[in-house]
Each structure stands twice: as structure tokens, then as C-alpha cells.
Amino acid sequence: MTMTTGQSLVFFGLIAAVTLLTRALPFLLFPEHRAIPRYLRYLGTVLPAAVIGLLVVFCLKDIQPAQAPYGLPELLSVAAVAALHLWKKNTLLSIGAGTALYMVLVQAVF
């Protein structure tokens with residue numbers, strides 16, 4: 001089923017409006033002169049680590065240690081991400097290189 005031009009305009013207009021709202025909402029709720037609540041400051045410190053932990057679990061949940069390739073692409077990629085991050089302390093480099101290594105391993109090696 002295809003959308004008409006009008007439906008497409010409404011669809012993308014709504015997407016743009018919701019995106020703008022989600023970007024502006026924190027500034028509207030917490031203006032510069034107003035203190036940020038303690039619970040939000042707490043969430044700002046603990047959520048990044050929690051999200052990374054959740055992503056690691058999600059990425060490794062389907063490993064089958066009893067079947068070839070025994071989770072080797074995933075484990076090698078995780079090791080590369082950890083080593084790169086400890087060495088360079090650059091999150092984007094670590095994740096990008098780990099993802100590239102994983103893709104090479106599953107497409108060309110295993």
C-alpha cells in the first residue's frame with residue numbers, strides 16, 4: 001500500500017514536529033536558571049553505563065558455544081573493542097572498529 005503525497009507530507013511533518021519537540025522539551029522543562037532535580041542528575045551518571053551493559057548483553061545473547069563458530073567472532077570483537085578503548089580511550093573508534101571487525105569475521109572468515 002502506497003501513501004498519497006498528502007499522506008506523506010502529514011507523515012513527515014509529524015515526524016519533524018515530534019523530533020523538534022523531543023529536542024526542545026528538556027530546555028523547556030529545565031531552563032538555565034532552574035536547578036536540575038537530583039534524580040535526573042543521578043540518571044545522567046548511571047544510565048550511560050547501564051545502556052552499554054544492556055547493549056553488550058543484547059549483542060552476546062545468541063552465542064551458541066556448542067556450535068561452530070562457537071561465538072569466536074563475537075568474543076574477538078568484544079576483545080578488540082575493550083583493547084582499543086583501553087588503549088585509545090575513544091568510544092567511537094572502539095565501537096566502529098569492533099563492528100567492522102565483527103562484520104569481516106562473520107562475512108569472510110567464519
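Only a predicted model underlies this, so the values are computations on that prediction, with no experimental measurement involved.
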Output the distance between atom [atom1] ([X]) and atom [atom2] ([Y]), rounded to the nearest 0.5 Å.
X     : Y     : atom1 : atom2 : value
Gln7  : Thr5  : CD    : OG1   : 9.5 Å
Leu20 : Ile15 : CG    : CD1   : 13.5 Å
Leu28 : Leu21 : CG    : CG    : 8.0 Å
Phe27 : Leu29 : CZ    : CG    : 11.0 Å
Thr45 : Leu40 : OG1   : CG    : 11.0 Å
Tyr39 : Leu43 : OH    : CG    : 8.5 Å

Locate the shortest heavy-atom distance separating [X] from [Y]; write the atom from each residue and the value.
X      : Y     : value
Tyr70  : Pro65 : CD2-O, 3.2 Å
Ile63  : Glu74 : CD1-CB, 3.7 Å
Val106 : Pro73 : CG1-CB, 3.8 Å

Any side-chain heavy-atom pair from Phe30 and Pro37 closer than 4.5 angstrom?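 Yes, their side chains come closer than 4.5 Å.
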Heavy-atom distance under 4.5 Å between the side chains of Leu93 and Leu84, does that happen here?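 Leu93 vs Leu84: side chains touch.
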Please answer: with hydrophobic residues joined when any side-chain heavy atoms are less than 4.5 Å apart, are [X] and [Y] in the same cluster?
X      : Y     : result
Val81  : Leu60 : no
Val78  : Val56 : yes
Val109 : Leu76 : yes

For the CZ atom on Arg41, are there more than 12 heavy atoms of other groups (residues, nucleotides or ligands in this structure) within a distance under 6.0 Å?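 Count over threshold, so yes.
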